[in-house]
2 protein chains.
Amino acid sequence: MSKKRQLLIDTALTLFYNHGIHAIGVNEILKRSGVAKRTLYSHFNSKEELLLAALEARHRLFIQWLESKLSNAKNDLEVTTVLFQALENWFDNNEPRLGEFRGCFFINTCGEYSDVSCEIRKLCEQHKSKVRQVIADKLSIDNQDNVAALCILMEGAIVTAQVSGKNTLLIEDCINASQAMLR
Amino acid sequence: MSKKRQLLIDTALTLFYNHGIHAIGVNEILKRSGVAKRTLYSHFNSKEELLLAALEARHRLFIQWLESKLSNAKNDLEVTTVLFQALENWFDNNEPRLGEFRGCFFINTCGEYSDVSCEIRKLCEQHKSKVRQVIADKLSIDNQDNVAALCILMEGAIVTAQVSGKNTLLIEDCINASQAMLR
DNA sequence: CTCAAAGTAGACCAATCTGTCTACCTGCAA
DNA sequence: TTGCAGGTAGACAGATTGGTCTACTTTGAG
C-alpha cells in the first residue's frame, strides 16, 4: 500500500468523521494531507471510492479496538462492564485510537446516504453485523439470546452520548440494564 | 402563518429527512414546492434558518405523535409495549404522520453538524430531552430510575432499524429487556 | 546509470452551491 | 381607488463542487 494512498484515507476518514461527508470537499482533503489532486485520482476513481476505503479503514480500526478491549473479560458479566467502560472512555475522548468522539461513523454515514442498497450502506450494515458477532463470540452459550439487546443498548448509548452529551449516569444505566438481562 | 412558508417548511423537512441536509440544495426545495426563490428568502434569511424551522416542525410532529400513542397505556408495563409497538409501526412505514422511516431526523442532523454548541445541535438535544420527559411523565414514580435506560433502548432500536434493517426480533428484544427493568 | 512508476502544482471544466436583485403581478384592506 | 404586502420568474454573482488534464519532478529497483 502506497504511503500517499494511506495518508489520503486517514485524512479523509478524520475529516469525514469530524464534519460529515457532504460537508467535506476533495480539495479540503488534499489541502489537509498535502497530496496532489492527480495522485488522489490515480488511487481512487471518485470521492465515493475514497469514502469506501475510509469506511473500511474505520471498520478494521474499530473492530481491532473492540476485540482488544473485550479480550480482558473473563466471564459474561465482565464482558458487559468492560464493554460499557470502554465506550465511556471513547465518549470522554480517552481512547486515542478512535479519535475525538463524534458518534458512530457508520450511523452518521447512513444519515447522509438514503439508498439502502448502495455499496456505502452495505458496508455500514456489515460493520454492525461484525460488531455484533465480536460480542456474541465473547459471551457464553447461555447468553446468546441477549446479544441483540446488548447491541441495541450499545447503539443507544453511542447516539445518546453524541446528541445529548455524556451523562454521568449513562454508562451506569447501561451496565445495570445489561446485567439485569444476563442469566 | 403564510401558506407558502408552511409549504417551504414541509418540503424542506421531507427532502432533508429523506436525503440529508447537505445533499439537498435550496433550488431543489424550490423546484419541488413550486415556490419562488425570492419568497423563500423573504421568509428565511438562510438555508440554515429554514432547517431550524424544519427541525421545530418535526419536533412538534413527533412529540404529538408520541403523546397520542402513549395516551392509551394504562400502566408502566403497557407504556413499554405501546412505545415499542409504535416504533415498530414507524419502522414498517405504518405511521403515515411520520413519513417514510429514515431513522431519527435529529440524530441524522447531528451527524452533519459537528459544532455541538450551534443552534441546530441545541434543538436536537432539546428534542431528545423532551422525548425523555414525555416518557417520564407516563411512568409511575417507582420507575423514574428506568427512564434513562428505556430511552437508550429506544434510541438503539431506532438506529439499529435504520442501519441494519428491522429484524423481526428487534422490538421483541426491546420489550423483553425493558420489562426486565421495570419493578 | 536507467527508466518506469509515482508524485507534483495547479489550470481548467461544467455543474452546482447559497444568496441577491430587478421587474413585474395579484389580492385585499383602508 | 389607492397602496402595499406578498407573491412570481429567473438572471445574476461569486464561491465551491467533483473531476480532468498537461507538463514537470522525484524516487527507487534492476
Side-chain angles (χ1 to χ4, degrees), chain A residues 1-57 105 108-109 111-115 118-121 123, chain B residues 1-57 105 108-109 111-115 118-121 123:
Chain A
M1 170 95 74
S2 151
K3 280 195 173 175
K4 296 289 175 180
R5 183 187 164 89
Q6 193 58 58
L7 177 59
L8 283 167
I9 292 172
D10 293 344
T11 309
L13 176 54
T14 302
L15 290 174
F16 286 157
Y17 180 49
N18 284 330
H19 304 283
I21 294 150
H22 287 96
I24 292 295
V26 289
N27 291 321
E28 185 72 30
I29 297 167
L30 297 171
K31 206 170 77 180
R32 188 71 76 96
S33 63
V35 174
K37 192 175 263 196
R38 189 67 206 262
T39 305
L40 190 161
Y41 283 99
S42 74
H43 285 296
F44 307 96
N45 288 320
S46 63
K47 182 188 179 185
E48 184 166 317
E49 260 193 24
L50 176 58
L51 168 60
L52 287 170
L55 284 165
E56 272 167 31
F105 185 39
N108 293 349
T109 299
E112 294 204 55
Y113 289 87
S114 46
D115 178 6
C118 72
E119 199 69 26
I120 293 165
R121 290 288 297 255
L123 273 191
Chain B
M1 169 94 72
S2 149
K3 279 194 174 177
K4 295 290 175 179
R5 183 187 163 90
Q6 193 58 57
L7 178 59
L8 283 166
I9 293 173
D10 292 345
T11 309
L13 175 54
T14 302
L15 289 174
F16 287 158
Y17 179 49
N18 284 329
H19 301 98
I21 295 150
H22 288 95
I24 293 294
V26 288
N27 290 322
E28 185 73 28
I29 297 167
L30 296 172
K31 206 170 75 180
R32 188 71 75 95
S33 62
V35 174
K37 191 175 264 196
R38 189 67 207 262
T39 305
L40 190 161
Y41 283 100
S42 74
H43 285 296
F44 307 97
N45 290 320
S46 62
K47 182 188 178 184
E48 184 166 317
E49 260 193 23
L50 175 58
L51 169 60
L52 287 170
L55 284 165
E56 272 167 33
F105 185 40
N108 295 349
T109 298
E112 294 203 55
Y113 289 85
S114 46
D115 177 7
C118 71
E119 199 69 25
I120 293 165
R121 290 288 297 253
L123 273 191

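Values in this document were obtained by computation on a predicted structure and should not be read as measured data.
A side chain to side chain contact (heavy atoms under 4.5 Å, CB included) with A/F44 is found for one member of A/V26, A/L52, A/I9 and no other, namely A/I9.
Separating the CG atom of A/L8 from the C1' atom of C/dT8 is a distance of 13 Å, rounded to the nearest angstrom. If you take CZ of B/F44 and C1' of C/dT18, they are 15 Å apart, rounded to a whole angstrom. Summarising the geometry, the separation between NE2 on B/H22 and P on C/dC17 is reported as 13 Å, rounded to the nearest angstrom. We find that CD1 of B/I21 is positioned 15 Å from P of C/dC17, with the value rounded to whole Å. For the pair A/L50 CG and D/dT17 P, the computed distance is 15 Å after rounding to whole Å. Rounded to an integer number of Å, the gap from B/Y41 OH to D/dT8 C1' is 17 Å. A straight line from CG of B/L40 to P of C/dC17 spans 14 Å, rounded to a whole angstrom. Atom C1' of nucleotide C/dA15 and atom CG of B/N27 are separated by 12 Å, given to the nearest angstrom.
A close approach under 4.0 Å does occur between a side-chain nitrogen or oxygen of A/T39 and OP1 or OP2 of C/dT8. The phosphate of C/dT18 (OP1 or OP2) has a side-chain N or O of B/K47 nearer than 4.0 angstrom. Contact between the side-chain N/O atoms of B/H43 and the OP1/OP2 oxygens of D/dG6 is not found at any separation under 4.0 Å. Side-chain N/O atoms of A/S46 include none lying less than 4.0 angstrom from OP1 or OP2 on D/dG18.
Contact annotation: the side chain of B/I29 approaches that of B/F16 to within less than 4.5 Å [non-hydrogen atoms, C-beta and beyond]. Within the 4.5 Å cutoff, the side chain of A/R121 has no heavy atoms near those of the A/D115 side chain. Within the 4.5 Å cutoff, no side-chain heavy atoms of A/E119 are placed close to those of A/Y113. No side-chain heavy atom of B/S114 sits under 4.5 Å from any side-chain heavy atom of A/N18.
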Let me check something: any side-chain donor-acceptor pairs from residues 35-43 of chain B under 3.5 Å, sequence neighbours excluded? List them with distances.
unit_1 : atom_1 : unit_2 : atom_2 : d
B/K37  : NZ     : B/N27  : OD1    : 3.0
B/S42  : OG     : B/T39  : O      : 2.8

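Of the inter-residue distances, the one linking A/L7 atom CG with A/R32 atom CZ reads 11.5 Å to the nearest 0.5 angstrom.
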What nitrogen or oxygen pairs link the protein and nucleotides 9-11 of chain D at under 3.5 Å?
none

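Within 4.0 Å (heavy atoms only), B/I24 reaches sugar-phosphate atoms of the nucleic acid but no base atom. No contact: B/N45 has no heavy atom under 4.0 Å from any strand.
Distance from the side chain of B/K4 is smallest for D/dT8 among the nucleotides D/dT8, D/dT20, C/dG7.
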